[in-house]
Protein chains: 2
Amino acid sequence: MRIFNSIHSLRGAIKILKSRKKRIGFVPTMGALHRGHGSLFLRSRRENDITVVSIFVNPKQFGLREDFDAYPRPEKSDILLAKKEMVDIIFYPSENEMYRTGFLTSVQVDTISQILCGKSRPGHFRGVTTVVNKLLNIVAPDVLYLGQKDTQQAVLIKRMIADLNIPVTVRICPIVRERDGLALSSRNCYLSARQRLEAPILYRALQNAKQKALEGEHRSLHLGRFIRSTIARQSSGKIDYIACVDADTLAPLRRLRGKIMIALAVKFGKTRLIDNIVFSL
Amino acid sequence: MRIFNSIHSLRGAIKILKSRKKRIGFVPTMGALHRGHGSLFLRSRRENDITVVSIFVNPKQFGLREDFDAYPRPEKSDILLAKKEMVDIIFYPSENEMYRTGFLTSVQVDTISQILCGKSRPGHFRGVTTVVNKLLNIVAPDVLYLGQKDTQQAVLIKRMIADLNIPVTVRICPIVRERDGLALSSRNCYLSARQRLEAPILYRALQNAKQKALEGEHRSLHLGRFIRSTIARQSSGKIDYIACVDADTLAPLRRLRGKIMIALAVKFGKTRLIDNIVFSL
């Protein structure tokens with residue numbers, strides 16, 4: 001496994017790989033790697049000759065009062081995990097390498113960046129689309145792997161790639177969960193023991209709502225209320241949002257039909273967790 | 001010369017050229033081609049194996065009350081001129097080919113897109129950087145050729161390319177002028193006979209201001225006043241702005257030093273002309 005800190009040297013390596021017709025898979029991450037990331041690495045390894053993983057805690061996608069400084073950066077264990085997963089190349093740039101003095105450019109996807117998580121995290125998704133745009137220009141992969149857990153991020157990045165004609169294929173990979181159903185997240189480590197015990201309620205509530213929908217309850221309002229009361233009754237979580245949307249466009253649905261996603265964000269203390277479930281009616 | 005209307009077919013052709021190691025030069029235009037564009041085509045031909053020219057009147061860079069509908073679209077003579085200049089590939093997409101239903105993404109360079117021309121044309125430069133970003137992803141050229149006449153556009157595009165790590169080299173080519181000094185522009189055709197006679201005052205005023213600066217007048221305010229009164233005395237032109245700025249960053253200069261640009265925009269009737277002069281002190 002090779003580790004690059006500079007854009008220039010990574011590009012040199014990529015150029016050689018491309019000249020040898022190697023197919024490149026790319027997984028952008030903020031580090032604090034877990035089995036969720038691991039599932040993306042594995043999928044990329046299966047489908048490509050070379051797997052590139054970036055590790056960059058991107059300051060532009062954190063709000064002023066968010067956890068940029070506190071965000072976990074376990075460099076050594078990240079590198080060990082990537083090695084174990086047989087990643088070929090790690091791109092590990094500094095903040096200064098990514099954002100030089102005089103940096104002024106942003107890439108924005110309108111409307112769908114302002115809803116759901118975008119509502120409580122203004123500017124967050126502009127930071128995400130900007131850094132992913134840069135990374136795609138640097139790595140020039142054939143395939144980009146994203147996780148279904150950050151579903152709005154995945155929809156926005158797919159939109160950006162289509163709109164700006166970026167020559168890359170996108171694969172969205174399923175959420176990886178703990179045995180009790182909690183979606184894996186680098187932020188789960190913030191949870192207290194008690195919060196950790198409560199947190200699986202998010203997925204249970206989503207599963208129960210899906211069941212209700214399959215049994216005939218197609219009114220978003222009622223499903224939302226049901227999830228809200230389930231979580232309120234059985235945990236200390238404070239709900240940020242619960243939304244029934246079209247899984248491809250994120251357009252809000254008053255009545256469920258087609259390919260549906262129910263997504264939610266819930267705060268346990270200062271820790272904001274997100275989860276979602278996708279199904280068809 | 002080959003003409004492509006679809007992104008998909010152009011990409012196929014580019015892919016074959018790249019596999020043959022052809023070096024590609026690219027000139028994005030809005031058509032209504034003149035000798036100014038011709039000078040970019042010539043430079044690209046000299047420096048590359050293949051020259052690609054796009055012709056696309058980009059609706060996103062026109063304001064609501066601007067001349068999008070009236071903008072000249074002389075398709076036949078454009079194609080003749082490109083052929084004469086030995087352009088290899090013309091990319092001539094429709095509006096729908098470039099902006100599909102559901103298009104939501106924009107690329108923006110902050111601060112320097114808001115000054116000078118950006119001040120009187122809100123949203124204009126966001127439209128420019130967005131479409132050029134798309135075109136660079138579609139054409140994937142080795143070298144991009146831009147004209148010094150649209151100097152702010154050139155600075156913004158260079159900034160975007162550096163900030164987003166787009167793998168392309170940029171060359172800025174000198175302004176081409178009529179014999180009487182008027183900078184070539186697709187909008188010159190809008191001028192009445194009388195306005196056409198008056199318009200060369202722009203360049204004469206810039207040249208005289210440069211002369212004054214070389215002789216020791218380094219105060220922007222005074223040079224601006226001098227240009228303003230020259231134009232007011234000798235023409236019917238209404239001044240939009242006159243600015244003394246750093247030629248590389250567009251930062252306003254109170255006192256001239258280093259590499260300087262004096263830029264201006266002046267309206268003759270409804271026709272807005274721009275011009276600039278660059279020199280060092």
What distance separates A/Leu164 CG from B/Phe103 CZ, expressed to the nearest 0.5 Å?
6.0 Å

A/Met160 CE to B/Ser106 OG distance, which is reported to the nearest 0.5 Å
12.0 Å

Least distance between heavy atoms, B/Leu104 atom then A/Asp163 atom
N-OD2, 2.7 Å

What are the two closest non-hydrogen atoms of A/Val107 and B/Thr105, and how far apart are they?
CG1-CG2, 3.9 Å

Interchain contact, A/Ile166 with chain B, by part (heavy-atom threshold 4.5 Å):
both

Is atom NZ of A/Lys18 surrounded by more than 12 heavy atoms (other residues, nucleotides or ligands) closer than 6.0 Å?
yes

So for atom CZ, which belongs to A/Arg2, do other residues, nucleotides or ligands contribute more than 12 heavy atoms lying within a distance under 6.0 Å?
no

Examine whether an atom of B/Arg159 lies under 4.5 Å from a heavy atom of chain A, and if so say whether it belongs to the side chain, the backbone or both; otherwise answer neither.
both

Structural part of B/Arg11 lying under 4.5 Å from a heavy atom of chain A:
side chain

Looking only at B/Val131, B/Leu156, B/Asn133, B/Asn165, the option with the highest number of non-hydrogen pairs under 4.5 Å against chain A is B/Asn165

